[in-house]
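Comments concern the structure below.
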Amino acid sequence: MSMKTPYSNIRKLIEIQKNISYKALGSLRPPGYAPRLVVGLDAAYSRIYGGVAVAVIIDYVSGSLLDYSVAIGEPRLEYIPGLLAFREAPLFYTALQGLRHEYDLLVIDGHGISHPRKAGIATHIGLALGKPSIGVAKKKLYGNEVYIKKLGECNVHPCTIGYVADPETGEKLAYMVLPNKRSRAPIYISPGANIDLETALKTVTSMLKGTRLPLPTYHADKISKHIARLLDRGVLKPNQLKGGLGRLDHFMPRI
DNA sequence: GCGACAG
DNA sequence: ATCTTGTCGC
């Protein structure tokens, strides 16, 4: 079980996010190059060992899964809406270090700037690593949903059905996309850092292969859940994992 | 006080 | 996220 965090510390984490978003918002421009290798990040949870973070590498052109890395460990923080990055990013960072390839882009399960302080987990990670990052979330966290299309008008998928607007300024923070024929609910695509909203949309929709999630996140999701199951069944031991045990000393500020 | 609330 | 049985649809 993760530690409970006092309200005083929560305020400090919120201040850190304001600092992060200040820098990240100035980085939201087109990368200027097409991605070659793309990382997908997702986490599942094992009852025994805690978080199971998986980083995968996908070849953007072929869609091939080239590599993956795992990090496990008990998160230091409980889940608090808006503060997900402080819970999961340390594990993601560890998983990333086990990767054998360099990469151009990160696709992360969760939000980017479509966040109360414009500092979702994709923003934290993209800014810290100095790479383009995109958040792909399955549920809205913040903002007003604006529909630019009726659901019935979406014949060809993926279909951009609307966007999420900043309640203060009306600025577009994320696009809502129906990834395939089956899904009733959209996915939310927002830039994390070092990329703009339009490029984020194009890039992610081009990696939708009939699945609800884009290929990188799709694979990371499947692998992390699978490993969490094996761990809880005792079929797999933490020391057998590629990427090893998670060191949680990164991304967590001293509070 | 009430509703919202990534994973 | 995870816990869980049945159930709707291709």
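Please read these numbers as outputs of a predicted model, since none were measured by experiment. Proteins come first, then strands; the chains are lettered A, B, ... in the order of their sequence lines, and each starts at number 1.
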query: Between Lys18(A) and Glu15(A), is a salt bridge (Lys or Arg N to Asp or Glu O under 4.0 Å) present by the stated rule, with each step listed?
result: CA-CA 5 Å; Lys18(A) 291 176 183 173; Glu15(A) 287 309 309; 3.1 Å; yes

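- Ring to ring, His124(A) and Phe86(A) are close: their centroids are under 6.0 angstrom apart.
- Heavy atoms of Lys181(A) sit nowhere under 4.0 angstrom from any nucleic acid atom.
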Per-nucleotide protein contact string for nucleotides 2-7 of chain B (B base, S sugar-phosphate only, - none; heavy atom under 4.0 Å): ---BBB

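- Using modelled atom types, one finds no donor on one side chain facing an acceptor on the other under 3.5 Å when comparing Asp59(A) with Ser64(A).
- A distance-only check finds no donor-acceptor pair linking the side chain of Ser190(A) to the backbone of Ala174(A) [under 3.5 Å].
- Judged by distance alone, with hydrogens and angles left aside, the side-chain atoms of Ser133(A) form no donor-acceptor pair with the main-chain N or O of Leu106(A) at under 3.5 Å.
- Taking a heavy-atom distance under 4.0 Å as the criterion, the stretch of DNA chain C touched by chain A extends 5' to 3' from dA1(C) to dT2(C).
- Stem analysis of DNA chain C (at least three stacked-register Watson-Crick or G-U pairs, each with both distances under 3.5 Å) gives none.
- A salt bridge links Lys118(A) to Asp166(A): one of the charged nitrogens lies within less than 4.0 Å of a carboxylate oxygen.
- Interatomic distance, Leu66(A) CG to Leu99(A) CG, rounded to the nearest 0.5 Å: 9.5 Å.
- In this view, Leu230(A) and His226(A), Arg233(A), Val235(A), Leu236(A) satisfy the side chain to side chain contact (heavy atoms under 4.5 Å, CB included) rule, not counting sequence neighbours.
- Under the side chain to side chain contact (heavy atoms under 4.5 Å, CB included) criterion, Tyr60(A) pairs with Pro35(A), Val38(A), Thr203(A), Ser206(A), Met207(A), not counting sequence neighbours.
- Annotation: the span from Lys131(A) atom NZ to Leu96(A) atom CG amounts to 9.5 Å, rounded to 0.5 Å.
- Side-chain atoms of His111(A) never come within 3.5 Å of backbone atoms of His115(A) as a donor-acceptor pair (strictly under, hydrogens ignored).
- Under 3.5 Å, the side chains of Tyr188(A) and Glu145(A) contain a donor-acceptor pair of N or O atoms.
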field: Pairing annotation in dot-bracket form, given for DNA chain B with Watson-Crick or G-U pairs under 3.5 Å and | for cross-strand partners
entry: .......

